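Quick note on labels: first sequence line is chain A, next is B, and so on, each numbered from 1. Since we're looking at a predicted model, the values are computed, not measured.
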Amino acid sequence: MADIVLSNVHKVYGHVVAVTDINLAIKDREFVVLVGPSGCGKSTTLRMIAGLEEISAGTIAIGGRVVNHLQPKDRDIAMVFQNYALYRHMSVRDNLAFGLRNRRVPADEIAAAVSRAARILSIEPLLDRRPHQLSGGQQQRVALGRCIVRNPKVFLFDEPLSNLDAQLRAQMRLELKELRLRVPTTSIFVTHDQTEAMTLGDRIVVMKDGVVQQVGTPLELYRKPANRFVASFIGSPSMNFITLRVSADGEHFALACHGWQFRLPARRFPHLGSHVGRSISVGVRPQHVRLGAPVNDDQIALNGAVTVTEQLGDEQLLAVRLGDGEIRIAGADPDLSLPTGTQIEAAIATDHLHFFDELEQI
Amino acid sequence: MTDIAAAPARSVGFFFALAPRGKAVFFALAATAVCLLFAFPVFWLILTSLRTGTGVYYVHRGTEFTTDNFHEVLSQEIVLRALFNSFMISTLATVLSLGVTATSGYMLSRFKGPIPNAWFSLIYIFRCVPYVAWVLPLYFVTQKLHIFDSYWGLLLPHIAVHICFFSWIMKGFFDGIDPSMEYAAMIDGCSRWGAFWRVAMPAAVPGLTALAILCWLYTWNEFLFALILTAHETPILTVVMAQFVHELGMEWHLMSATAVIALVPALIVTLFGQRYVIRGLRI
Amino acid sequence: MNEKTRFMLALITPAALVLILFQVVPILTGADASFRNWTLHDPKRTWVGFANYLHVLRDAEFRDIVLPNTFGFMIATVACSLVLGLAIALMLNNRFPGRWLVQSFVLLPLMVAPVIAAIMIRWMFNDQFGVVNAALEGLGLAPISWLTQRWTTFAVILLTDVWLWTPWFALILLAGLQSLPPEPFEAARIDAASAWRTFRYITLPMLRPVMVVCIVIRAIDAFRTFDIVWTISGGGPARATELFSIYAYVEAFQFLNLARGSAAAVIGAIVIVVFALLLYRVLNRFVEVSK
Ligand SMILES: Nc1ncnc2c1ncn2[C@@H]1O[C@H](COP(=O)(O)OP(=O)(O)OP(=O)(O)O)[C@@H](O)[C@H]1O
Ligand SMILES: [Mg+2]
């Protein structure tokens, strides 16, 4: 009932094009994450949905109603800001009640809604404090509380976790997921952190330079990135890319660069046929490179010298010199001693290779 | 905005650089010198107000003191009326000027584009025009509108003077307040006016207080407009004071006594307000 | 007109109405007068174009005395009040016993009507009865007739103006000092910067935006100073200390040529508008540089 549809939405500030032609359909109760690097237009998109920014072209509909010319207060939405934007001259209780009072809800209902929200977020002991007497995480919770008391059609979040330290952020992430179960509401969540995007989103929208790159579930984005940008943005550590030249070699395609080459059966990779004689970008996630020699025909081998190791306790990250470049390997046994210069052999399953031209995945 | 009163004062003075050893002595000397410098004319004013009519010619020699001047001044009806009028005008001008310029400063702070630019240029340019180019035609305008020598006839020009300066300062206050608070309010069900009035204004209270105090003092002490735009109906304290010296032939003792009386409300306002002024006056 | 534009206009409407009625209209009326013949033998007030402007610009008094006086006064008073105000602000930014008292003393000039202060100071510098000459005599020095010579008169006016306005600078700069973030000062302490170097390389640059705003506002006001000069010297001796607003006033009300006075005022306004716009440019650049 509170689905959101963006059709051909554009936003232009003077000469700066902030958002170009966004089309997006968000289902009722879906949790969608907008993710992308700084300045890509995520906040702008969110603010247009909230009604804080005029829409240059296109339409936005919430619950089947076009809201282009509706005031924020009439859109029945709630929003959490990056800096929380708590009303600093009001107590926490008044912060929570403000939106309900604006809508002339009877006092006893307000009191009930406030204490329910406070209970859900465990901020009951803080109700009579002022915002400046709260820690970052507590302010964050009050900001969330301000949203849920109103029981709006849509929640909008603009990087709400980015001002918290890593530990608190992880904790708040879990709490947000719990909150979703208790208060299921259509939500749009903006972040530039791919971990947040992957863990929170039912679906993820990846943006770059005001253009949507791909929309999909976290797994779709991880497994089938539409282009090199999405591939590099999703997943941590990020995907390795090696530029290789494709040539035909009987039943196989040979891919080669300085210092590395391998062959792939043409039968299984027919789409490489149109790239013979050209260079393409081959991507492979660090997690998909295994130390050791190939164990079957579906794996390809690579050899190189270790340049750097990073010990994480449960695994080691390696950087290995490969031709002119470097390839990163995750998941190495933490007990292995790999001083710089050690020659190692590794294997990659061909299923895990991604091929990209300049525009998209091949 | 953190509470600056609670923050420890930092030693950033160059007094320390000049005299790292004799710091305390130097400091005390400097403080005393500053006090003397600023207090002397006021001290002199008070001294004069306590002398007899001819005693003013040997203020620094004689030893007779009297409070007759105050009795005499306070028994004049015009002085009492002027006190009342000055108080009313200052208070009303403060309230109205702040009301009018808070919205204008808010607009300058929150919006960009041709309208704010035009408005800013207008007030910037008109702030530069000297009073002389202005007071005489202003006299005709108030005559035309039949508000000459009335409260409105003095209030409105005062507000006009304040618009330029205060809008600018108010813009600074609002620039220091994060607008996302207002966005939150708008999403919470406020109109733009509601967000301005219920969220932005309360957050600007420290700045508004400071400006209110300065505005009150300025209007209380203003002379030129009062001189030209009022006559017998609405006597204003500064004009009445100055007339003791100009028209009735150098009645220094009466002028000083009136000036000292005029000083009292200003003193009260300043002594109680200085904390707020310093806290609020951040451009 | 969309809702946002309506809101913007509504926000400035009250201010704009008052401004137009009581500032724009009178000023334009005055400007209109400056293009007419306002002398007594021309009751029809004939339109004379720029004749009054040419007269003012050709007037040696205006060119050689009034303009240099005005700019000299503006620069001197702003510079003195700034330096003094900064010193006082730095002093008051320290915790010391009696700070509240010193601060209250510094604020005294804000409480006294400028006219009264000017009358008082004129009296203190009186040739025969003034306390200043009495003090000079007490020290065995020859008394000076302060208000009969150009430069001493100028000095007295300057002193009065600085006395009146230094507290204003001190207040704003003190507020500025107190709102500076503490981290750079802590870093400087760790870097073992001397007090002077801390002041020169940290306090001063961080305070610059506030200082520039003060300077611009105060420079514009100093340029149009009228009342204290009028009270202390009336522009004398022999028009030697006239600032341009006094010049305009004298032309308009003593020589009874309102047109010429208005023309002088308009010229002054144009000069200061141009000057202020240049200053504003500088201000903008400064503020951006220091961000
Ligand atoms: N008021 C404005 N005027 C002009 N350009 C703007 C304005 N607001 C944003 N932009 C531009 O629009 C683009 C998108 O900005 P937006 O705030 O949406 O980025 P974002 O994806 O939220 O980035 P971040 O992660 O840093 O918050 C940027 O290039 C920005 O410079
Ligand atoms: Mg953003």
Side-chain angles (χ1 to χ4, degrees), chain B residues 4 9-17 30-31 34-35 38-39 41-42 44-45 57 60 100-101 103-104 106-107 111 115 119 125-134 137-138 141 156-157 159-160 163 192 217 221 223-224 238 241-242 245 259 263 266-267 270-271 274 277-278 281-283, chain C residues 7-8 11-12 14-15 18-19 22-23 25-27 29-30 88 90-91 93-95 102-113 115-117 119-121 124 129 131 134 171-172 174-175 178-179 185 195-196 198-199 203 210 213 220 224 226-227 245 248-249 265 268-269 272-273 276:
Chain B
I4 52 113
R10 295 179 292 272
S11 33
V12 293
F14 62 66
F15 291 103
F16 295 108
V34 164
C35 287
F38 284 100
V42 177
W44 207 245
L45 190 71
Y57 294 108
H60 42 286
V100 167
T101 53
T103 53
S104 141
Y106 180 72
M107 183 296 216
F111 297 102
I115 299 177
W119 176 239
I125 288 172
F126 276 95
R127 175 155 178 78
C128 300
V129 179
Y131 290 112
V132 265
W134 186 12
L138 194 56
V141 168
L156 290 170
I159 298 169
I163 283 172
R192 286 183 191 271
L217 285 174
N221 290 327
F223 176 68
L224 189 62
T238 43
M241 277 189 251
V245 171
L263 202 60
L267 201 67
T270 315
L271 290 189
Q274 55 176 288
V277 172
I278 292 168
L281 253 198
R282 314 233 198 93
I283 311 181
Chain C
F7 179 64
M8 287 201 285
L11 282 174
I12 56 169
V18 179
L19 191 78
F22 292 93
Q23 197 159 7
V25 167
I27 286 170
T29 320
I88 291 171
L90 288 169
M91 183 169 89
N93 197 33
N94 291 295
R95 283 260 150 101
V102 177
Q103 191 170 303
S104 305
F105 272 113
V106 168
L107 295 183
L108 272 176
L110 285 180
M111 303 173 224
V112 184
V115 215
I116 301 305
I119 293 175
M120 236 21 247
I121 286 181
M124 283 163 54
F129 308 110
V131 64
L171 261 186
I172 294 192
L174 179 59
Q178 296 195 342
S179 64
F185 295 96
W196 167 254
T198 308
F199 172 74
T203 317
V210 180
V213 171
I220 294 172
R224 52 185 204 181
F226 175 79
D227 42 3
S245 51
Y249 184 85
I272 189 65
V273 165

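Both the backbone and the side chain of B/Leu45 have a heavy atom closer than 4.5 Å to some heavy atom of chain C. Heavy atoms of B/Ile163 lying under 4.5 Å from chain C belong exclusively to its side chain. Only the side chain of C/Val115 has a heavy atom closer than 4.5 Å to any heavy atom of chain B. When heavy atoms are compared at a cutoff of 4.5 Å, C/Ala117 does not approach chain B at all. Looking at C/Ile220, only its side chain comes within 4.5 Å of chain B, counting heavy atoms on both sides.
Closest of all the heavy-atom pairs between C/Ala113 and B/Thr238 is CB-CG2, 3.6 Å. The two residues B/Met107 and C/Met8 have their closest heavy-atom pair at CG-O, 3.7 Å. Nearest heavy atom pair, residue B/Phe38 against residue C/Phe105, reads CB-O, 3.5 Å.
Qualifying ring pair (Phe, Tyr, Trp, His ring centres under 6.0 Å) partners for B/Phe126, counting only residues two or more places apart in sequence or in other chains: none. The ring pair (Phe, Tyr, Trp, His ring centres under 6.0 Å) test applied to C/Tyr249 returns C/Phe226, C/Trp230, C/Phe253, not counting sequence neighbours.
If you take CD1 on C/Ile12 and CZ on B/Phe111, they are separated by 11.0 Å, rounding to the nearest 0.5 Å. Residue C/Met111 holds its CE atom at 5.0 Å from CG of B/Leu267, rounded to the nearest 0.5 Å. A distance of 12.5 Å separates CD of C/Gln23 from CG of B/Leu156, quoted to the nearest 0.5 Å. Taken from CG in B/Leu263 to CD1 in C/Ile116, the straight-line distance is 10.5 Å, to the nearest 0.5 Å.
Interface summary for chain B: among C/Thr29, C/Val106, C/Val112, C/Val102, the most heavy-atom pairs under 4.5 angstrom belong to C/Val112. Options C/Ala269, C/Pro14, C/Ala265, C/Ala15 differ in how many heavy-atom pairs under 4.5 Å they form with chain B, and the most are formed by C/Ala15. Most heavy-atom pairs under 4.5 Å with chain C: of the set B/Cys35, B/Ala259, B/Ser104, this distinction falls to B/Cys35.
Counting heavy atoms from C-beta on, the side chains of B/Leu138 and C/Ile27 never come closer than 4.5 Å. B/Thr270 is not listed as a side-chain neighbour of C/Ser104, based on a closest heavy-atom distance of 4.5 Å or more.
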